[in-house]
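Read through the structure below, which is laid out as structure tokens, and then see the notes.
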Amino acid sequence: MNKKILVVDDEQSIVTLIKYNLEQSGYSVITASDGEEGKNKAILEKPDLMILDLMLPKMDGIEVCKKLRQQKELLPILMLTAKDDEFDKVLGLELGADDYMTKPFSPREVVARVKAILRRSQAIQETNDHSLEVIKEYNEVAELKIYPEQYEAYFQGRLLELTPKEFELLLFLTENKGRVLTRDQLLRAVWKYDFAGDTRIVDVHISHLRDKIESNTKKPMYIKTIRGLGYKLEEPKAP
């Protein structure tokens, strides 16, 4: 069955362009022209991915993203913005968007981003299709436990509420414990980019993870910043 993509944008020319290129790549496409319609279709139609414009009538993209995440809707979201405004991009990511693109953009790049995001969600779906009765191997770093087969992470015995992207990033960090990983390496490994991406996306998701596992995000014990290089996950040192 073809993957279903929901495109939410009030500019008909943009919708037509994206819809045509996605359908040429084998995807099924549904559309919405305002934020309220987009939110409702995301819940009712159960698309595999949403392409969501930031500036929309009735309800903007930030609010749509926020409401969907509040309802535990974890469908991947690719946000579109006509602004070159750092605040809007970072806020979108903070509220649960998986990625963003700034207009104008290449239709080919939209398709490439969609493919990359869906590869990750496909892995999650395949995991959910298997029985989880038997707890299999896990990665452990001090009080942090990651169960790859279950797509679950626990900190101090508490299940962490992670988006699929946050889980993939945390898993990759634990699998490479003690290694310095550059932002570009993380983009290629976790976001599956075959092209240059915006490394600020990595910084925002690292910040998300620190909020959930660090007692003091200003002085992180697990995820360390290696200035000028990237990040490293390590065992906390005893005080």
Please say yes or no: joined through hydrophobic side-chain contacts below 4.5 Å, possibly via intermediate residues, are [X] and [Y] part of one cluster?
X    : Y   : answer
M59  : I30 : yes
L52  : I43 : yes
L118 : L80 : yes
I5   : L17 : no

Q: Would you check, one step at a time, whether the test salt bridge (charged side-chain N to carboxylate O under 4.0 Å, His left out) holds for K39 with E63?
A: CA-CA 9 Å; K39 177 183 73 72; E63 190 65 18; over 6 Å; no

Q: May I ask you to check whether R188 and T182 show a side-chain donor-acceptor distance below 3.5 Å?
A: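 No, no side-chain donor-acceptor contact under 3.5 Å.
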
Q. Between N139 and Y147, is any side-chain donor less than 3.5 angstrom from a side-chain acceptor?
A. no

Q: Go through the structure and list residues passing side chain to side chain contact (heavy atoms under 4.5 Å, CB included) with E36, not counting sequence neighbours.
A: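 Only D34, N40, K58 meet the side chain to side chain contact (heavy atoms under 4.5 Å, CB included) criterion with E36.
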
Q: Determine, step by step, whether K3 and L49 satisfy the side chain to side chain contact (heavy atoms under 4.5 Å, CB included) criterion, reporting the C-alpha distance in whole Å, the side-chain angles of both residues, the deciding distance to 0.1 Å, and the verdict.
A: CA-CA 8 Å; K3 294 291 186 181; L49 181 143; over 6 Å; no

May I ask you to test the [X]-[Y] pair for a side-chain heavy-atom distance under 4.5 Å?
X    : Y    : result
L78  : M50  : no
V114 : V111 : no
N2   : Y27  : no
H208 : V204 : yes
F172 : L186 : yes
I51  : L22  : yes
I223 : E214 : yes
V190 : E166 : no

[atom1]-[atom2] distance between [X] and [Y], expressed to the nearest 0.5 angstrom:
X    : Y    : atom1 : atom2 : value
H205 : E168 : NE2   : CD    : 11.0 Å
K4   : L75  : NZ    : CG    : 11.5 Å
M101 : D53  : CE    : CG    : 12.5 Å
I117 : D48  : CD1   : CG    : 12.0 Å
L144 : M221 : CG    : CE    : 13.5 Å
L160 : Y154 : CG    : OH    : 9.5 Å

Q: Could you please spell out the steps behind the side chain to side chain contact (heavy atoms under 4.5 Å, CB included) verdict for K165 and W191?
A: CA-CA 8 Å; K165 186 72 64 58; W191 279 258; 2.8 Å; yes

Can you check whether [Y]'s main-chain N or O pairs, donor with acceptor, with [X]'s side chain at less than 3.5 Å?
X    : Y    : result
K41  : T31  : yes
T225 : R227 : no
N176 : R179 : no
K212 : E161 : yes

Minimum-distance pair of heavy atoms, taken over all atoms of [X] and [Y]:
X    : Y    : value
L162 : A153 : CD1-CB, 3.8 Å
P57  : S33  : CD-O, 3.8 Å
P236 : A142 : CD-CB, 3.5 Å

For residues 6-15, please give each side-chain donor-acceptor pair under 3.5 Å, one per line with the distance, not counting sequence neighbours.
{"residue": "D9", "atom": "OD1", "partner": "E11", "partner atom": "N", "Å": "2.8"}
{"residue": "D9", "atom": "OD2", "partner": "K103", "partner atom": "NZ", "Å": "3.0"}
{"residue": "E11", "atom": "OE2", "partner": "K103", "partner atom": "NZ", "Å": "3.1"}
{"residue": "Q12", "atom": "NE2", "partner": "T16", "partner atom": "OG1", "Å": "3.3"}

Q. Run the side chain to side chain contact (heavy atoms under 4.5 Å, CB included) check on Y231 and R183 step by step: do they pass?
A. CA-CA 8 Å; Y231 298 100; R183 291 171 176 82; 3.4 Å; yes

Q.
For L170 and I146: C-alpha separation, side-chain torsions, deciding distance, then whether side chain to side chain contact (heavy atoms under 4.5 Å, CB included) applies.
A. CA-CA 8 Å; L170 185 59; I146 314 292; 3.5 Å; yes

Q) Would you call K145-E152 a salt bridge at under 4.0 Å N-O? A) no

(Q) Regarding E234 and K224, does a basic nitrogen lie under 4.0 Å from an acidic carboxylate oxygen? (A) yes

Q) Can the ring centroids of Y100 and F105 be said to lie less than 6.0 angstrom from one another? A)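 No.
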
